[in-house]
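Just below is one structure, and these are the notes that go with it.
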Amino acid sequence: MSSYQPGQIVYIIIRNPHAQDVANVQQAAVVQNPDNPEQLSLFVYETYYPLTEEIAVYSSMEEAEVAYQDAFGISEMEGYYG
């Protein structure tokens, strides 16, 4: 995880905390961990998440969207507008 720097913008796939069957690509900021300044965290949705090997982090939105499609496929509702 040492390749990330504070202030860097990255993209992650995150599940909706209110609906676990919903996930989306979300922009996150790499920041100093407020509880341990020697560690980095991801700051997203006003919350700090540990930046660990367990979190898939992508450097671009496009890369994250490809990974999302690989993991979750195309929504059955895609193209539905009503």
Task: side chain to side chain donor-acceptor pair (under 3.5 Å) against Gln8, all qualifying residues, sequence neighbours excluded - done: none
Open item on the list: List the residues meeting side chain to side chain donor-acceptor pair (under 3.5 Å) with Ser59, not counting sequence neighbours, and say none if there are none.
Closed with: Glu63
Find the distance between [atom1] ([X]) and [atom2] ([Y]) and round it off to the nearest 0.5 Å.
X	Y	atom1	atom2	result
Asp70	Glu65	CG	CD	12.0 Å
Leu42	Tyr4	CG	OH	8.5 Å
Gln27	Ile14	CD	CD1	12.5 Å
Leu40	Gln5	CG	CD	7.5 Å

Open item on the list: Within the 4.5 Å heavy-atom criterion, are Tyr58 and Val10 side-chain neighbours or not?
Closed with: no
Looking at residues at least two apart in the chain, or sitting in another chain, which of them share a ring pair (Phe, Tyr, Trp, His ring centres under 6.0 Å) with [X]?
X	value
Tyr68	Phe72
Tyr11	none
Tyr49	none

Open item on the list: Restricting to side chain to side chain contact (heavy atoms under 4.5 Å, CB included), what partner residues turn up for Pro50, sequence neighbours left out?
Closed with: Thr52
Task: Residues which pass side chain to side chain contact (heavy atoms under 4.5 Å, CB included) with Asn36, listed by chain and number, not counting sequence neighbours - done: Asn33, Glu38, Gln39
Open item on the list: Using the rule that Ile, Leu, Val, Met, Phe, Trp and Tyr join whenever any side-chain heavy atoms are under 4.5 Å apart, tell me whether Ile13 and Val66 fall into a single cluster.
Closed with: no
Open item on the list: Working note: Val25 + Ile12, criterion side-chain contact (heavy atoms from CB on, under 4.5 Å); need CA distance, chi angles, decisive distance, verdict.
Closed with: CA-CA 6 Å; Val25 174; Ile12 61 172; over 6 Å; no
Task: Residues clustering with Val31 (ILVMFWY side chains joined when closer than 4.5 Å, directly or via others) - done: Phe43, Tyr48
